[in-house]
Amino acid sequence: MFCSFVELVCWKSALQHTDCRQKRTSARLKGQALYCSKFLSSNRSSAFISFSGFRRDSAPILQFRLKKARSRFLVVCEDKREFDYDVAIIGAGVGGHGAAMHAVANGLKTCIFEAHEIGGTCVNRGCVPSKALLSSSRRIRELSDRQHLRSLGVDVANVSVDRQAVADHAQGLANRIQRNLGNSLKALGVEVIHSRAKCKSSQVVELANGETISAKDIILAPGSVPFVPPGIEVDDKTVFTSDHALKLEWIPSWIAIIGSGYIGLEFSDVYSSLGAEVTFVEALPNLIPGFDPEISRVANRLLIQDRPIEYYTHSLATKIVPGKPVHVVLSDAHTKMTSRELQVDAVLVATGRKPNTQNIGLETFGEELARGGFIPTNEYMQVMKGDQVIPHIYCIGDANGKMMLAHAASMQGISAIENIMGNRHRVNHRAIPAACFTHPEIAYVGLTEPQAKEEASQHGFKLEKSVAYFRANSKALAEMEGEGMAKILFNRETGELLGCHMIGIHASDLIQEAANAIANHTSVYDLSYCVHTHPTLSEVLDEAFKDARRKTLSRTTSSSRV
């Protein structure tokens with residue numbers, strides 16, 4: 001019961017004099033007495049209304065406006081309808097797992113549906129097993145570089161590779177983490193339901209066997225699947241996507257990789273270390289699209305030109321026929337005319353991913369959602385139909401297309417739960433870092449240089465750039481890993497960090513400092529006065545921050561310095 005009740009208001013009387021706009025599902029209050037507390041407003045222009053037995057922490061919210069006085073009343077009441085669960089989550093990938101963990105931590109009765117494996121793409125067919133393969137390939141590459149090892153005073157004889165052991169390491173890691181995720185859900189009281197599920201309405205989920213389960217709110221977290229362009233035939237033997245490549249069933253002598261984004265780059269690192277010849281086919285004019293252009297140029301030199309890798313840019317793989325050999329037809333991206341034909345041992349299709357939104361009941365909410373593509377979602381993770389919110393339905397992760405990264409999905413899941421509880425929360429996607437785990441690694445957060453220039457032009461501020469190099473870092477030189485650079489982009493007047501881009505040893509770990517700085521709005525001037533351990537790789541960013549301080553005399557945002 002809420003405190004400070006001062007007067008009695010009849011529900012029927014309030015209903016006669018107000019317009020009601022329902023924010024969330026209400027209980028049937030007609031005929032019940034409501035108690036009005038004026039603690040929210042001293043002038044009585046607004047009031048807080050409750051009734052006996054309501055729960056403030058999870059109550060639905062209604063808004064009333066008194067027609068005569070035009071006063072606004074905020075009404076909080078408990079939903080008396082019975083639901084099986086407070087939250088039902090469709091998809092137990094990293095995003096669904098993060099949402100479920102946050103839900104139970106906040107006292108919400110939660111269930112999660114998974115038709116396949118706990119952990120989704122990331123754990124079973126993506127981030128986790130690919131990192132295991134990359135870990136093995138990095139060691140193979142290092143041990144095979146005898147000149148590099150000799151310069152460190154190490155001499156290694158012949159290096160052999162056990163393909164099956166490498167594949168088993170990747171699969172074993174995925175299995176172990178999958179079990180850990182499942183155990184963590186069960187330990188906290190999340191009911192894991194192993195079934196395909198789809199929305200029958202905004203508060204009812206239908207299982208594969210026809211059984212239905214109700215929930216106050218539903219979170220869609222179906223993830224994504226590999227995108228295969230038209231004209232490419234996949235047989236999962238000689239022509240396959242990243243899902244199948246992670247099994248590493250064989251090592252082709254010559255493999256063509258369609259697409260040079262982060263998936264293609266990581267697999268080129270794996271296959272080239274294992275002795276395969278690699279040919280990239282990229283539809284865009286330049287390799288390694290999507291990264292900052294300056295970083296892409298350095299990555300091209302370190303990851304492509306310095307290795308036995310050939311490539312064709314501005315080329316489309318318009319036809320791929322599995323077999324021995326695989327027949328590949330390439331066409332000019334502009335003219336669509338056939339430019340060349342290749343015969344290779346295998347083809348990896350790494351042309352990105354598409355949302356896995358079929359058969360999850362989107363047609364329930366309208367044809368525009370059911371036609372495919374990403375699920376339209378607002379900044380609060382609520383599913384939208386045009387410019388209208390569909391009540392009680394949220395979408396997180398790859399399926400909403402905001403940022404197709406596992407850790408972004410996890411944060412979106414937490415955000416969805418916050419919004420379900422009535423705490424308005426938005427994810428700052430600019431502060432979410434990304435990484436490509438090649439050797440050396442690529443990592444970034446925030447805006448690329450072209451994006452930052454455009455923002456500077458639109459908002460009328462001066463963009464500044466600062467660069468530091470791994471070859472000037474003592475720890476990198478001790479490791480004999482001096483290739484690479486880090487650059488930061490910032491607002492010269494305010495010191496606001498707009499973006500950070502790196503290529504070099506352990507870049508995926510180093511980027512977190514910049515990500516936290518963007519999230520906390522820490523200026524580059526304040527960062528330049530932070531102490532970094534010597535000798536460590538973190539001093540690469542330290543030097544970039546200090547270079548930023550040297551480039552300007554502005555002190556407007558550095559009040560925290562002593």
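Numbers here are sequence positions counted from 1.
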Beyond-backbone contact of Leu303 with Ser268, side-chain heavy atoms, under 4.5 angstrom | no

So which of Asn378, Thr377, Val383 actually passes side-chain contact (heavy atoms from CB on, under 4.5 Å) with Asn400?
-> Thr377

Does a side-chain N-to-carboxylate-O contact under 4.0 Å join Glu277 and Arg307?
-> no

Going by atom types alone, do Asp292 and Thr448 pair a side-chain donor with an acceptor below 3.5 Å?
-> no

Heavy atoms of other groups near Arg146 CZ, more than 12 under 6.0 Å | yes

Between Asn106 (side chain) and His102 (backbone), is there a donor-acceptor pair under 3.5 Å?
-> yes

Just wondering, do Pro293 and Pro450 contact through their side chains at under 4.5 Å, heavy atoms?
-> yes

Within-4.5 Å side-chain heavy-atom neighbours: Ile488 and Val524 = yes

Candidates Glu539, Lys546, Glu513 - the one meeting side chain to side chain donor-acceptor pair (under 3.5 Å) with His532 | Glu513

Does Phe291 have any ring-ring contact (aromatic ring centres under 6.0 Å, His included) partners at least two apart in sequence or in another chain, and if so, which?
-> Tyr444

Pair Asn419, Gln382: side-chain N/O donor-acceptor within cut-off below 3.5 Å | no

How about Lys354: does its NZ atom have over 12 heavy atoms from other parts shown lying under 6.0 Å from it?
-> no

Check: Glu481 side chain, Ala476 main-chain N or O, donor-acceptor pair, under 3.5 Å = no

What pairs with His314 under ring-ring contact (aromatic ring centres under 6.0 Å, His included), at least two apart in sequence or on another chain?
-> His334

Residue pair Val278 / Pro308, side-chain heavy-atom distance below 4.5 Å = no

Tell me yes or no: between the side chains of Ser137 and His439, is some donor less than 3.5 Å from an acceptor?
-> no

Answer yes or no: does atom NE2 of His506 have more than 12 heavy-atom neighbours from other residues, nucleotides or ligands under 6.0 Å?
-> no

NZ/NE/NH1/NH2 to OD/OE distance under 4.0 Å, Glu449 and Lys465 | yes

Going by atom types alone, do Arg141 and Ser272 pair a side-chain donor with an acceptor below 3.5 Å?
-> yes

Distance-only side-chain donor-acceptor flag, Thr438 / Arg138, under 3.5 Å | no

Glu496 and Asn491: side chain donor to acceptor below 3.5 Å = no

Salt bridge present between Glu294 and Lys487 (N-O < 4.0 angstrom) = yes

Thr313 meets the side chain to side chain donor-acceptor pair (under 3.5 Å) criterion, sequence neighbours left out, with none

Test side-chain hydrogen bond (donor to acceptor under 3.5 Å, both in side chains) on Glu282 and Ser260 and set out the steps.
-> CA-CA 6 Å; Glu282 174 58 56; Ser260 63; 2.7 Å; yes

Under a 4.5 Å cut-off applied to non-hydrogen side-chain atoms, are Asp217 and Leu108 in contact?
-> no

Would one find more than 12 heavy atoms of other residues, nucleotides or ligands at under 6.0 Å from atom CD of Glu379?
-> yes

So, Ser135 side chain and Ala132 main chain: donor-acceptor pair closer than 3.5 Å or not?
-> no

Taking the six-membered ring of Tyr380 as reference, does the NZ or CZ atom of Arg424 fall below 6.0 Å from its centre and within a 45° cone about the axis?
-> yes

Do His429 and Gln412 have side-chain N/O donor and acceptor atoms under 3.5 Å apart?
-> yes

Determine the interplanar angle of the His244 and Phe240 rings, folded into 0 to 90°, and report it as parallel if under 30°, tilted if 30 to 60°, perpendicular if over 60°.
-> tilted

Heavy-atom distance under 4.5 Å between the side chains of Val154 and Leu143, does that happen here?
-> no

